[in-house]
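Keep in mind that what you see is a predicted model, and the values were worked out from it rather than measured. Numbers here are sequence positions counted from 1.
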Amino acid sequence: MKIHIKISVILLALLGIASCKDNLDESPYSSLGKDVAFKDEDGLNQATIGVYQAWTTTDHSDIYNRFVLTESGHRYATAGILGSGADPYYRFAHTPVSGAFESVWARFYKIIYRANTVIDNAKLAVPGEEEEADPYIAEARVLRAYAYFNLVRLFGGVPLILKEIGSFEEKDLIFAPRATDAEVYDAILADLAFAETILPDSRGGAELGRVSAGTVKALMGKVYLTMAGKPLNRTENYQKAIEKLSELVGAVNEEKYDMELLPNFADVFALANERNREIVLSFGYFVNPSNQNGNILPFHLFPSGLVNGDEQTNYGLTYDYYKLFDKTDTRRDYTLVSRYAFTGGARAGAEPGDSIIYDPATSHYMNQRTKQPFSHDDFKYGIAFGKLAREARPAGAPVQGYSSDLIEMRFSDVLLMLAEASVETGKTADALPLLNRVRARAKAAPSKAAGVAALRTAIRTERRLELSGEFNTVFDIRRWGTLQEEIAAMSDDQIIDNVLVPYSPRLELYPIPQSQIDANPNLRQNDGW
């Protein structure tokens, strides 16, 4: 059903091999051997939770880098109040040495390493009762599959490491060559198929937040939908996506798998309402006096003074994006912060309580008390992203000390994916009610789109309105094959002081990090890089 683990965990043996290839002379940073980590089922449980925890553990910059790589570089992305922390990615000027690539690569292979350690050692913890290990193996395989799903969409085919690396002598794994895209997707589907038959339909009580069969079905639907588009173009998978996603939709299925659309859009993201029934997949943060390492996204995305006063807004969305929403659409003023009351210490001419309102004529926030642009007036910037819990950090917490979870998939995504797959298989009558169910929750006018072309456009637009900022936008553009259109629709006004790079087929994938190419003689770079 959902992933949202909020407890401390042990580190696994040999965790120091974060990406399995770089820094091979680094000492492992765990002091616990497998004989301790897998001595009993409690140890196995803690090791499995360690795989979840790898999605949110420091370095904090990984999370922002992942946001940038999946949510910038499209027609509506631009600078924030303080500039563009999304540069060079939002203007397509990145190179193989750009830092975000190594950052996210290392994160995902750390997750894969932890998952492989659980998968290969789980049965040690329950000798004589090996079947008791299968649910833990299934959880680890889901988390491994999701890591590979992100990697293949970012970089194309990547090294496929499906067993634990136990020593530096295993050079066939440490220096593994790239698998093909198809081979990576086959491994993802194999992991998910294994887990689907073992995990419970939903979770509750003390297990609330761990993956379930519902999580798996939603992920499988998304994988099939992605495979149906570019670059694989396996259009037969649209029907497979329909079959899998349909298992989650409808009153009986939604009750069985504990999923729904919440009545109020903003409630989905509230701290007091985390792990709600709309969250299909998320990874948890919690911040308190003894644990101050949280989510850094609010610091980088919120407009300065929204909740703390020191936010460093490095990302914006254009006013054209704001205008896509109906005036009645409740998502508009939660996804985007077009006006707010300044809070925190005085800054850039603003005092606590000042009304700060975005002015589309100048592409600046304006202080209504002073009638002056807020913070900067020497470049154009966009409206700040606000689709996270708008609650201040605890007193004394560092800048990454927010408790907002990483929401990876919601039930509205399931509905829109099912609508899209229905359109692409000619079932337009099935698609429109799904689209309008999402719009009705947002108090937006029902769509009247008819026919394949019109419905396709409506659903793609709806995905932007509903799912912006949730690690989807760039992946959607790539599988739709519309990147060239996106770049053509961009304006130099969106770019601060630098040039928008024209479309090239090489931009359909990010480059493999140069550090990995240098460290592994068996890796080859993506074409054009």
Side-chain angles (χ1 to χ4, degrees), residues 64-95 98-101 297 300-304 306 311-325 331-333 335-339 356-366 373-387 457 460-461 463-465 467-478 480-508 510:
Y64 181 64
N65 286 332
R66 185 170 161 230
F67 180 93
V68 165
L69 294 184
T70 55
E71 293 295 334
S72 66
H74 60 85
R75 71 181 68 192
Y76 302 118
T78 187
I81 298 171
L82 298 182
S84 182
D87 190 74
Y89 313 97
Y90 84 132
R91 61 186 180 92
F92 305 97
H94 45 266
T95 70
S98 298
F101 302 131
L297 286 182
H300 280 306
L301 298 175
F302 283 170
S304 299
L306 181 66
E311 296 88 348
Q312 301 289 310
T313 315
N314 289 306
Y315 172 88
L317 290 155
T318 66
Y319 189 65
D320 283 342
Y321 177 67
Y322 183 86
K323 291 190 294 185
L324 290 178
F325 292 89
R331 297 172 298 191
R332 186 188 68 181
D333 294 322
T335 302
L336 298 163
V337 187
S338 62
R339 58 179 62 215
I356 311 295
I357 300 178
Y358 188 79
D359 176 21
T362 61
S363 298
H364 299 133
Y365 280 97
M366 302 295 291
F374 176 58
S375 193
H376 279 276
D377 62 0
D378 53 337
F379 58 84
K380 293 183 177 181
Y381 54 81
I383 308 174
F385 181 83
K387 198 202 296 182
T457 297
R460 290 180 179 183
T461 299
R463 287 189 65 81
R464 296 204 182 207
L465 300 178
L467 302 172
S468 176
E470 298 178 48
F471 311 107
N472 284 289
T473 304
V474 168
F475 294 149
D476 282 349
I477 289 167
R478 288 180 178 181
W480 293 333
T482 58
L483 180 58
Q484 190 166 5
E485 295 175 33
E486 290 294 314
I487 294 177
M490 293 178 70
S491 165
D492 289 342
D493 287 348
Q494 293 174 246
I495 309 300
I496 301 176
D497 297 331
N498 288 303
V499 176
L500 173 63
V501 174
Y503 174 78
S504 165
R506 71 190 177 105
L507 300 175
E508 299 288 351
Y510 290 126

Are any side-chain N or O atoms of [X] and backbone N or O atoms of [Y], one a donor and one an acceptor, separated by less than 3.5 Å?
| X | Y | result |
| --- | --- | --- |
| His364 | Phe379 | yes |
| Tyr365 | Ala384 | yes |
| Thr78 | Gly316 | no |
| Gln494 | Arg75 | yes |

With a 4.5 Å limit on heavy-atom distance, are the side chains of [X] and [Y] in contact?
| X | Y | answer |
| --- | --- | --- |
| Trp480 | Arg463 | yes |
| Pro88 | Asn498 | no |
| Arg464 | Phe325 | no |
| Ile357 | Met366 | no |
| Tyr510 | Ser98 | no |
| Leu301 | Phe67 | yes |
| Val474 | Leu69 | no |

Count the heavy atoms belonging to other residues, nucleotides or ligands that lie under 6.0 Å from CG of Asp497, then report whether that count exceeds 12.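 Open.
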Spacing of [X] atom [atom1] and [Y] atom [atom2] [to the nearest 0.5 Å]:
| X | Y | atom1 | atom2 | value |
| --- | --- | --- | --- | --- |
| Arg332 | Ile383 | CZ | CD1 | 9.0 Å |
| Leu317 | Ser338 | CG | OG | 12.5 Å |
| Lys387 | Glu470 | NZ | CD | 4.0 Å |
| Ser491 | Leu500 | OG | CG | 8.5 Å |
| Glu508 | Leu483 | CD | CG | 4.5 Å |
| Thr313 | Phe385 | OG1 | CZ | 12.5 Å |

Specify the closest pair of heavy atoms between [X] and [Y], including all atoms of both residues, with the distance to one decimal.
| X | Y | answer |
| --- | --- | --- |
| His376 | Ile81 | CD2-O, 3.3 Å |
| Ala100 | Tyr89 | N-OH, 3.0 Å |
| Ser375 | Leu82 | OG-CD2, 3.3 Å |
| Leu507 | Arg478 | O-NH2, 4.0 Å |
| Tyr90 | Ser72 | CB-CB, 3.8 Å |
| Lys380 | Thr362 | CG-O, 4.2 Å |

Show your reasoning for whether side-chain contact (heavy atoms from CB on, under 4.5 Å) applies to Asn314 and Tyr64. CA-CA 10 Å; Asn314 289 306; Tyr64 181 64; 3.5 Å; yes
Aromatic Phe471 / basic Arg66 pairing, under 6.0 angstrom, 45° off normal: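 Judged by the rule, Arg66 and Phe471 form a cation-pi pair.
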Under 6.0 Å from the six-membered ring centre of Tyr322 and within 45° of its axis: does the NZ or CZ of Arg339 meet both?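 So Arg339 doesn't make the cation-pi contact.
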Taking atom types as modelled and ignoring hydrogens, do the side chains of Tyr76 and Glu71 form a donor-acceptor contact shorter than 3.5 angstrom?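 Side chains of Tyr76 and Glu71: no pair found under 3.5 Å.
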Could you tell me whether Phe101 and His94 have their ring centroids closer than 6.0 angstrom?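 For Phe101 and His94, the ring centres are under 6.0 Å apart.
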Would you check if the distance from the ring center of Tyr358 to the ring center of Phe374 is below 6.0 Å?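 Here the rings of Phe374 and Tyr358 have centres that are no less than 6.0 Å from each other.
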Would Thr482 and Arg460 satisfy side-chain contact (heavy atoms from CB on, under 4.5 Å), going step by step from the backbone distance to the final call? CA-CA 11 Å; Thr482 58; Arg460 290 180 179 183; 3.7 Å; yes
Check against side-chain contact (heavy atoms from CB on, under 4.5 Å), Val337 and Leu306: CA-CA 9 Å; Val337 187; Leu306 181 66; 4.0 Å; yes
